[in-house]
Novice: 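Take this structure, written in structure tokens, and hold onto it; I'll ask about it next.
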Amino acid sequence: MAHNHHSHCDCCSHEHHHGHEHDHEHGHEHHHEHGSLKKSLILIAVTAVLLAVAVFIEKTCNLPTWQLLLIYLVPYLLIGHETLKEAVEGLAHGDAFNEHFLMAIATIGALCIGFLPGAETQFPEAVFVMLFFQVGELFEGYAEGKSRESIAHLMDIRPDTATVERDGKLVTVSPGQVEVGETIVVSPGEKVPLDGVVVEGSTALNTVALTGESLPRDAGEGDEVISGCVNLSGVIKVRTTKSFGESTVSKIIDLVEHSSDKKSKTEAFIRRFARIYTPIVVIAAVLLAVVPTCLGAEFHTWLYRALMFLIVSCPCALVISVPLAFFGGIGGASRQGILIKGASYMDVLAQVGTVVFDKTGTLTHGQFEVSAVHPSICDEHQLLHLAAHVEHFSSHPIGIALRDAFPDEATDGCSVTSVEEIAGQGVRATVEGKVVCVGNTRMMDAVGAQWKDCPHVGTIIHVAIDGDYAGHIVINDKIKEESEQAIASLMAAGVERIVMLTGDRDEVAQDVAVKLGIGEYYSQLLPAQKVEHVERLLNEKAQGKALAFVGDGINDAPVLARADVGIAMGALGSDAAIEAADVVLMDDKPTKIARAIAVARRTLGIARQNVWFAIAVKLAVLVLATLGIATMWMAVFADVGVTVLAVLNSMRALNK
């Protein structure tokens with residue numbers, strides 16, 4: 001097999017440098033990988049034909065052993081030259097115990113057995129071992145290419161060029177050459193190259209590559225856009241707010257590329273295991289050949305068994321398939337808009353027993369809207385109309401909600417004068433000659449209006465006209481449509497404890513908790529108190545269970561970092577969250593938390609299946625080999641066959 005590609009499975013110092021090819025090399029790398037797989041296939045086919053010819057010659061012509069060896073050496077060297085070269089290189093670098101070395105010793109030994117007195121030749125077996133070993137390598141290369149592709153779909157979001165306005169002309173440059181604050185033009189069909197704010201034009205953006213979400217998002221003047229989205233309909237001009245290296249796309253790709261640096265416990269264990277295991281196996285094989293011979297047994301019989309022992313015991317299946325399963329799982333999750341920053345977080349996600357939610361922006365939209373209008377002396381329309389006029393210049397979320405509820409106020413020509421904001425009370429203004437006060441009960445008391453209480457939960461805004469009470473408006477934060485389903489699916493997934501933390505008032509927190517079926521909540525918390533609550537919950541959780549904190553990442557960075565696994569929601573645009581969280585959900589859907597846990601459990605399950613299957617088959621064949629029942633063919637299956645099956649099993653992790 002053309003071994004210049006990365007599928008170098010080295011059983012001791014096994015490090016798969018996954019995904020480190022960068023943008024410009026990506027196409028080349030893919031092409032090169034495809035070429036090397038094709039080359040390997042041809043090599044395997046030619047060797048198989050030559051092996052069949054050699055067996056035919058051996059059966060029909062009565063040739064001396066040395067001449068047969070020469071005939072078999074042609075297919076052997078054709079298929080095995082790379083492996084032999086790697087074995088020699090390993091010895092030269094002081095890394096003797098890799099799988100190429102094991103294969104070289106076993107096959108050279110099998111070629112030599114035929115020259116021992118009373119022994120049968122094992123030439124076909126020696127060539128077959130090498131041939132089958134290369135078939136295993138081929139599968140591994142293919143599977144790794146597939147995992148790469150799954151992560152390479154993220155590379156598709158990396159834009160190649162940016163069109164910048166400079167001195168009245170449009171210039172096409174690489175995104176890295178665009179300064180912060182420059183204006184770029186994005187035409188329909190193009191990717192948005194850098195994060196920024198729309199200064200001209202409006203369009204719909206396809207965010208599927210980032211979020212897994214198929215519905216396009218609308219963007220107009222003043223809206224933020226993030227790199228990696230595809231512009232669907234209109235030409236927009238964007239003022240860049242971040243350099244290319246800091247933009248969302250670069251961060252995401254960087255995260256996924258380095259996800260293999262954080263090893264899972266299973267991977268770390270297998271690497272340590274291979275380091276100790278391989279030398280022990282080699283020593284055991286030597287003893288198996290030498291000890292019975294010293295006790296008077298036939299040397300060639302026990303040498304053959306020792307060689308089989310070497311082939312069977314190669315831990316290749318584990319060393320390749322386990323990291324591949326995790327890599328596949330991370331790739332499969334990223335396709336659904338779930339970024340898991342490393343295999344080690346898969347371990348934690350699979351054991352989540354407590355989920356702590358931040359309320360605003362996570363379970364709710366974090367945007368206020370009018371939910372009820374209760375007038376006293378005028379109609380609903382009039383009440384909203386007056387409140388919207390008074391709050392016309394307010395930047396407070398409540399003022400914005402009142403304006404949104406009555407959008408026509410800007411064009412109806414009413415005169416609004418002497419607007420003043422009274423700290424801790426509200427806003428007073430003169431509308432069409434009437435003094436209108438919009439605020440809380442303290443403001444009503446101050447102007448002598450007889451306010452009424454309201455049974456509705458939410459923020460109550462009272463309105464008075466010339467000191468007479470006109471009624472009140474109820475404003476609430478909207479609960480996300482998926483929140484209830486998200487809580488239900490977490491409970492179905494076996495999460496024992498769901499807790500909600502919020503800085504909001506107690507009755508609002510209670511209302512949200514009851515609607516969503518959350519049994520435990522804590523309200524009126526400052527950010528530092530959220531951290532205290534999470535620390536208490538961490539101490540209370542069961543042994544072997546993990547705590548996940550889910551926040552929208554705006555002010556949750558300390559808590560995200562403190563939890564066993566921090567999950568940031570809707571991190572499109574929130575850098576602090578992408579930095580602090582271990583798992584990033586690219587859109588605002590809380591239902592993806594249960595999906596992320598399911599992906600992690602499935603990936604871990606696949607890795608464990610591979611470990612147990614490989615160990616069971618190898619042990620069985622090792623016992624048979626020692627007893628002299630097994631053949632070289634069985635030994636090859638126990639190594640390469642198991643590897644191929646384990647690699648194919650790992651590829652299931654890629655599927656959704």
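Note that these values count all heavy atoms, side chains included, but never hydrogens, waters or copies made by symmetry. For the single chain, residues carry numbers from 1 onward in sequence order.
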Novice: Between K478 and T364 (side chain of the first, backbone of the second, donor and acceptor by atom type, cut-off under 3.5 Å), is there such a pair?
Specialist: no
Novice: Could you give the distance from CZ (F549) to NZ (K530), rounded to the nearest 0.5 Å?
Specialist: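 Answer for the CZ-NZ pair, F549 versus K530, is 6.0 Å.
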Novice: Side chains of H385 and H381: donor-acceptor distance under 3.5 Å anywhere?
Specialist: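 Result is no, nothing qualifies.
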Novice: So, does D564 use its side chain to make a donor-acceptor pair with the main chain of L547 at under 3.5 Å?
Specialist: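 Yes: the side chain of D564 pairs with the backbone of L547.
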Novice: Looking at N231 and G234, would you say the former's side chain and the latter's main chain have a donor-acceptor pair under 3.5 Å?
Specialist: yes
Novice: So, the side chain of D511 versus the backbone of V514: is there a donor-acceptor pair under 3.5 Å, distance only?
Specialist: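 No.
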Novice: Minimum heavy-atom separation for V180 to K242, with atom names?
Specialist: CG2-C, 3.6 Å
Novice: Counting only N and O atoms by type, is there a donor-acceptor contact under 3.5 Å from the side chain of D582 to the main-chain atoms of Y345?
Specialist: no
Novice: Please indicate whether E190 has more than 12 foreign heavy atoms, meaning atoms of other residues, nucleotides or ligands, lying under 6.0 Å from its CD.
Specialist: yes
Novice: Using a strict cut-off of less than 4.0 Å between a Lys/Arg side-chain nitrogen and an Asp/Glu carboxylate oxygen, indicate whether E535 and R562 qualify as a salt bridge.
Specialist: yes
Novice: Is a salt bridge present between K237 and E165, judged by a nitrogen-to-oxygen distance below 4.0 Å?
Specialist: yes
Novice: Would E520 and R497 count as a salt bridge (Lys or Arg N to Asp or Glu O under 4.0 Å) here? Give the steps.
Specialist: CA-CA 8 Å; E520 199 178 338; R497 193 172 181 186; 2.8 Å; yes
Novice: State, without any angle test, whether S418 and T430 hold a side-chain donor-acceptor pair at a distance under 3.5 Å.
Specialist: yes
Novice: Should we say atom CZ of R601 is surrounded by more than 12 heavy atoms from elsewhere, each under 6.0 Å from it?
Specialist: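 Yes.
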Novice: Taking only residues at least two apart or on different chains, which pairs with a member in residues 428-438 satisfy salt bridge (charged side-chain N to carboxylate O under 4.0 Å, His left out)?
Specialist: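 Sorted result for residues 428-438: E420-R428.
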Novice: Once ring-ring contact (aromatic ring centres under 6.0 Å, His included) is applied, do any residues pair with H374, and if so which ones, sequence neighbours excluded?
Specialist: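 By the ring-ring contact (aromatic ring centres under 6.0 Å, His included) rule, H374 matches H456, H472.
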Novice: Any heavy-atom pair between the side chains of S202 and D218 that's under 4.5 Å?
Specialist: no
Novice: Going by atom types only, do Q524 and Y522 share a side-chain donor-acceptor pair under 3.5 Å?
Specialist: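 Side chains of Q524 and Y522: no pair found under 3.5 Å.
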Novice: Counting distance only, does the side-chain N/O of S483 pair as donor-acceptor with the main-chain N or O of I479 below 3.5 Å?
Specialist: no
Novice: Judged by modelled atom types alone, do D195 and T241 share a side-chain donor-acceptor pair under 3.5 Å?
Specialist: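 No - no donor-acceptor pair under 3.5 Å links their side chains.
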Novice: For residues T203 and S233, is any side-chain donor paired with an opposing acceptor at under 3.5 Å?
Specialist: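 Looking only at side-chain atoms, S233 and T203 do form a donor-acceptor pair, the distance falling under 3.5 Å.
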Novice: Should we count CD of E179 as having more than 12 external heavy atoms under 6.0 Å?
Specialist: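 No, the 6.0 Å shell around CD holds no more than 12 heavy atoms from other groups.
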Novice: Who are the ring-ring contact (aromatic ring centres under 6.0 Å, His included) partners of Y521, not counting sequence neighbours?
Specialist: none
Novice: Between CG of L194 and CZ of R239, what distance do you get to the nearest 0.5 Å?
Specialist: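 These two atoms lie 13.5 Å from each other.
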Novice: Do E482 and K592 meet the salt-bridge criterion of a basic N to acidic O distance under 4.0 Å?
Specialist: no
